[in-house]
4 protein chains.
Amino acid sequence: MAQNEQTALEPRKTPVQARAAVTVGAISEATIQVLLSHGADRLTTTRVAKRAGVSVGTLYQYYPNKQSLLFALLEDHLDKVSAAVEAACERARGKPMAEMVKDVVEAFVDAKMARTDISTSLYRIAGDVGGPALVRQTGLRSQKALGAMLETAPDAVLRQEKFAIQMVFAAMAGASRSVLEAGASPAMVRNLRDHLVLLCQSYMAVATQPRRLR
Amino acid sequence: MAQNEQTALEPRKTPVQARAAVTVGAISEATIQVLLSHGADRLTTTRVAKRAGVSVGTLYQYYPNKQSLLFALLEDHLDKVSAAVEAACERARGKPMAEMVKDVVEAFVDAKMARTDISTSLYRIAGDVGGPALVRQTGLRSQKALGAMLETAPDAVLRQEKFAIQMVFAAMAGASRSVLEAGASPAMVRNLRDHLVLLCQSYMAVATQPRRLR
Amino acid sequence: MAQNEQTALEPRKTPVQARAAVTVGAISEATIQVLLSHGADRLTTTRVAKRAGVSVGTLYQYYPNKQSLLFALLEDHLDKVSAAVEAACERARGKPMAEMVKDVVEAFVDAKMARTDISTSLYRIAGDVGGPALVRQTGLRSQKALGAMLETAPDAVLRQEKFAIQMVFAAMAGASRSVLEAGASPAMVRNLRDHLVLLCQSYMAVATQPRRLR
Amino acid sequence: MAQNEQTALEPRKTPVQARAAVTVGAISEATIQVLLSHGADRLTTTRVAKRAGVSVGTLYQYYPNKQSLLFALLEDHLDKVSAAVEAACERARGKPMAEMVKDVVEAFVDAKMARTDISTSLYRIAGDVGGPALVRQTGLRSQKALGAMLETAPDAVLRQEKFAIQMVFAAMAGASRSVLEAGASPAMVRNLRDHLVLLCQSYMAVATQPRRLR
DNA sequence: CATGAATGAGGTTTCATTCAT
DNA sequence: TATGAATGAAACCTCATTCAT
């Protein structure tokens, strides 16, 4: 059952032909636009298909059902953000704590704000069944990477590691959401980037203790 | 138009007879339960009515439509939290910055976590039309109170006040949400309370400068 | 069954007390207003009651159901018009044909236009089940009176009497309706009165033959 | 606003495939049958769909709402009658007044009585919102054609032209309605045809004056 | 008698999904 | 493969009517 549900949310086929890739892209893009212009509960498969310039039938060639369409969108976005965080963590290994934090926070904000329309529209559906679970799961991926990176900090060690990391991550996500839902003008985004670095750095500073030399 | 929309979300009548007050309470409670057990998109007015032990017709005596039912719930919750924050701000006037922050953060967490079931269920609907707007609007109410309180801090003054406050508030909201969606065990809630105080205090410390004596 | 239906459309009680008469009057008046302002299918018993300043329960004290309320209104109006026609017929007995027609047509128009709001609003419900039947039935009453009067005309005798009378009556009704639905300004009503006399007189002239003296 | 209302009553899509055209026809026919057998207020979209042998969903593919379904029927019928009158007016140009009137009246009656079931059933809905307006508007179209034709009469000229024409048209409509609601047997229809000609001719005779030669 | 809260059958409409063309 | 007409379950909401207070 759980297996079935999972399978039911996977895209039906991988687009091998060029035309198919274009179609899938158009459908994704159309979904976002409909989400933004009509809202989650007035998003219909027919409307998405029309916006994408294809027929409903075609949409169902690529997605087994409506849920999977939305799910794919959410998953794709979360994946991108998570990947950006992981990459930043990889690159920052061994740096001093403050720098680590700066790099990761900036990577997060940049990834999240790359397409504010997508980020904003996805909040409309993230409350659905399966949404929170996926968000949490992908969040854990990032938090794991954060943890691994922080282990390599030469100057400090985290107390209550797991929870502190959850706090940092939640603060980043919460602040970004707040800015996005307030309109996310470029100026606000710049401000967010800077203040979030400050916020995380200062919290990290009080949540760590100096690493004792061996 | 905006006026109409607003009106359409207002409760339809205020219960005058004792019987009616009981009914309204039962409907609210049933809504939360259905939200938790079935999710937002499987919440139907019929199901809510049945759970509340009344007929659909009765539900529609008090709420002009489904939206207004959910809206009322959200509004009530946000109001309570906002009121708690405002009260804390009032009480903390004139205290040192760190104490202020502690009081307010704890008031926020306590109000938000008073009924974790309600808080959690409301995330399911906050993405709907009107939801984000209400959340933002009520958030601004709290932020205003925060600002007024911080003006009275004897030891420090905030730089970039508006934005810093928005950050603090967003961090509180984001962290609480994260904990709620992860299950919100009593232990986690305690942790959240403590760490959120730390996080906000440390951020405030770097976002302020000493108040210059006259 | 037919008996039951009939009974079900009769007002429930005759108002003997003064207060009751006032209430019934208010309900009737409210019905007309709601009919005019909201249309037939948005006329609800609750709305009528509210407009009348009483509760639904009270409305149901005087009318067993919604149909009977509308029916009573229609019946009352048709009765008045019919009575006016009958009275005119009575008074015109023995007059020359042209005068007869003039008197009756004017009586009809005056009765029909006494309250244009009522007349207009009733077209909204006359299409309902039972409506056409009542209209036809009351029409026949008038036509009977017309026939009896015309028998006494000293100067002419009608050929194909029944049908000719039906034609005259239908023309009166049709023309009045047309004017009412076009707004029924006082000027139009005056015009209607005059032209309808002409129309009926001229038709009567060609539909009759001189009465042969014995 | 008026534009919106108008649009809301327009059919939703034009059938392109052959199958679709059949479907639309079946729905129209079913509507008439339900109107006749159940009456206007027991006409439900489900019932119509079932009678037409399609699903409700299909009905809503072609009509955006119930009103538009009824409206389309009414419009179609009125259009046909109006077109018949206009054509007759065109053909009768230049003929003597009495012949003109005869031709037009007969054209009107023939068109109106071509399908007595449709004509009768439509009285059930003509009282609805939009109905009277459409009736009046289409009536004006016919009256315009009548006016243009009468200008070409070689033997007579109309006094108070506009109103006289309205009277004639209202008489035709009223008499036809009367006959239809009384059952409209073929014999009655024949009688109506003849008497309506007489009635209109005689009225025209008194409402005109001889055309003065130049 | 009056009130108005409660009822619930039933109507309208939507929309995810299928399948013949 | 693409299309879009057809489906019908299921949601929302109304409103005539009843009955305890």
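Below, each value reflects all heavy atoms present in this structure, side chains not excepted, and no hydrogens, waters or symmetry copies. The chains referred to below are lettered A, B, ... by the order of the sequence lines, with proteins before strands, and numbering in each begins at 1.
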Would you check if the side chain of D:K50 reaches a backbone N or O of D:T45 as a donor-acceptor pair within less than 3.5 Å? no

Here the distance between atom C1' of E:dT12 and atom CG of D:L70, to the nearest Å, is 13 Å

Fill in: Main-chain N/O of B:G25 paired to B:S28 side chain as donor or acceptor, under 3.5 Å
no

By nearest-heavy-atom nucleotide on DNA chain E, the more 5' of C:R19 and B:T23 is C:R19

Picking from F:dC12, F:dA16, F:dA6, the nucleotide nearest the side-chain atoms of B:Y60 would be F:dC12

Rounded to whole Å, the CZ-C1' distance (D:R42 to E:dG10) equals 12 Å

DNA chain F nearest-nucleotide lookup for C:T44 and A:G57: closer to the 5′ end is A:G57

- [ ] Step by step, work out the side-chain contact (heavy atoms from CB on, under 4.5 Å) result for B:L78 and B:L74.
- [x] CA-CA 6 Å; B:L78 294 174; B:L74 184 58; 3.8 Å; yes

To the nearest angstrom, the CD1-P distance between D:I27 and E:dT12 comes to 14 Å

Rounded to whole Å, the CD-C1' distance (C:Q67 to F:dT17) equals 14 Å

**Request:** Using a heavy-atom cut-off of under 4.0 Å over every strand shown, decide if C:T58 touches base, sugar-phosphate, or nothing.
**Result:** base

Within a strict 4.5 Å, meaning less than it, do heavy atoms of the B:R42 and B:S37 side chains meet?
no

Sorted by number, residues from residues 46-56 of chain B placing a heavy atom under 4.0 Å from DNA chain E are B:V54, B:S55

Given the options C:E29, C:Q33, C:H38, C:R51 meets side-chain hydrogen bond (donor to acceptor under 3.5 Å, both in side chains) only with C:Q33

Taken to the nearest whole Å, CG/D:D41 to C1'/E:dG11 is 12 Å

Per-residue pairing states of DNA chain F in dot-bracket (Watson-Crick or G-U under 3.5 Å; . unpaired, | other strand) read .||||||||||||||||||||

Side chain proximity check, C:L35 to C:T120, heavy atoms < 4.5 angstrom
no

D:K66 NZ to E:dT12 C1', in whole Å, measures 8 Å

From CG of C:L69 across to P of F:dC15 the rounded distance in Å is 15 Å

Q) At under 4.0 Å, does any side-chain N or O of B:Y62 touch on OP1 or OP2 of E:dA6? A) yes

- Message: Under 4.0 Å, heavy atoms only, any strand: does A:T45 hit a base, just the sugar-phosphate, or nothing?
- Response: base

Note to self: Run A:V56 and A:V48 through side-chain contact (heavy atoms from CB on, under 4.5 Å) and show every step you take.
What the structure shows: CA-CA 8 Å; A:V56 227; A:V48 168; over 6 Å; no

- [ ] May I ask you to say what C:L59 touches in the nucleic acid, namely base, sugar-phosphate or nothing, with a heavy-atom cut-off under 4.0 Å?
- [x] nothing

Residue set satisfying side chain to side chain contact (heavy atoms under 4.5 Å, CB included) with D:T44, at least two apart, ordered chain then number -> D:T46, D:R47

| query | Are C:T58 and C:S55 close enough that a side-chain donor and a side-chain acceptor fall under 3.5 Å? | reply | yes

If you go through the side-chain atoms of B:Q61, does one of them form a donor-acceptor pair with the base of E:dA6 closer than 3.5 Å?
yes

Margin query: Tell me if a side-chain donor or acceptor on A:D128 pairs with a main-chain N or O of A:G131 at a distance below 3.5 Å.
Written below: no

